[in-house]
Amino acid sequence: MVREQIISWLVENVKPSRVEHILRVEQMAQELALLHKLSREKAGQAGLMHDLAKYFPANKLLDMAFTAALDVDEVMTRNPHLLHADVSAIVARNTFGIEDEEVLRAIANHTLGRPEMSPLCCIVFLADSLEPGRGNTPELEALRQISTENLHQAVWKVCDYSLKFLVSSHHPIHPRTVETRNWFLQKWKSLHSQSL
Ligand SMILES: [Fe+2]
Ligand SMILES: [Fe+2]
C-alpha cells in the first residue's frame, strides 16, 4: 500500500524516465541487499525514495534544507541540485512517515556518499550509479560485478568513476565525493593487506 502511494506521488512529481530509473534502483538495491545479507525491505524503501526531490526547483531545495537546519556548504549553495538527496530524505520523513534512520540516511547519502557510511547506504549509492539503465560498457559491467563482491571496493571505484565523469564533463566536484572515495579506498586497502 505504501509502495503504491509512493509510486503515485512519483508519477506526479518526477519525469517518466526518472520513475523507471527509480524502480531499477529499487530492484538493484534489493538484489544487493540479498547478496550482502542486509534488509531487503529497507533497501527497497530507500531505493524507491532516493530521488523524491530530484526535480524540486533550486529555491525549494535551499528553503527546505535551511528549514531542516542542514549543513549547507558553499558548493551546495552554488549547486542546489546536490541537495536533492538530503531533501528527498526530508520528504520521505514528512510525506511518507518514514522514521527508520537507516533508510533516511541511505536516501540522504545516495549522491555524495559519506565516509564510514553503512552497508545499506553503500548499496543504495551503488544501485543509483550502476542500475542497468546506466549503460553496459565494460567499465560499468566490471563495477556491477565488484558491487556483488565487495562493498568497500565498489564504493571506492564508483567514486572514481563519478569523479572521472565530473572532470571530463566540466562539472563541479563536491569534496565529500573525494572524502568518500579516500575513506573507502583506505578501508579496502587495510582489510586487503590484513588478508595477505
Ligand atoms: Fe539522485
Ligand atoms: Fe537516482
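The structure displayed is predicted, hence computed values, not measured ones. Whatever order the structure lists them in is the order used to number ligands and atoms, beginning at 1. Below, all heavy atoms of this structure are taken into account, side chains as well, without hydrogens, waters or symmetry copies.
- Distances under 2.8 Å from the Fe ion (ligand 1) pick out the protein N/O/S atoms D51 OD1, H84 NE2, H110 NE2.
- Applying the 6.0 Å contact sphere to CD of E101 captures more than 12 heavy atoms from other residues, nucleotides or ligands.
- Of the N and O atoms on the side chains of E149 and Q153, not one donor lies less than 3.5 Å from an acceptor on the other residue.
- In terms of modelled atom types and a separation under 3.5 Å, the side chain of R176 and the main chain of G113 share a donor-acceptor contact.
- Side-chain atoms of R105 never come within 3.5 Å of backbone atoms of M117 as a donor-acceptor pair (strictly under, hydrogens ignored).
- By the side-chain hydrogen bond (donor to acceptor under 3.5 Å, both in side chains) test, D63 is found to be paired with no residue, residues two or more places apart in sequence or in another chain being considered.
- Separation of the H84 and H110 ring centroids falls under the 6.0 Å cut-off.
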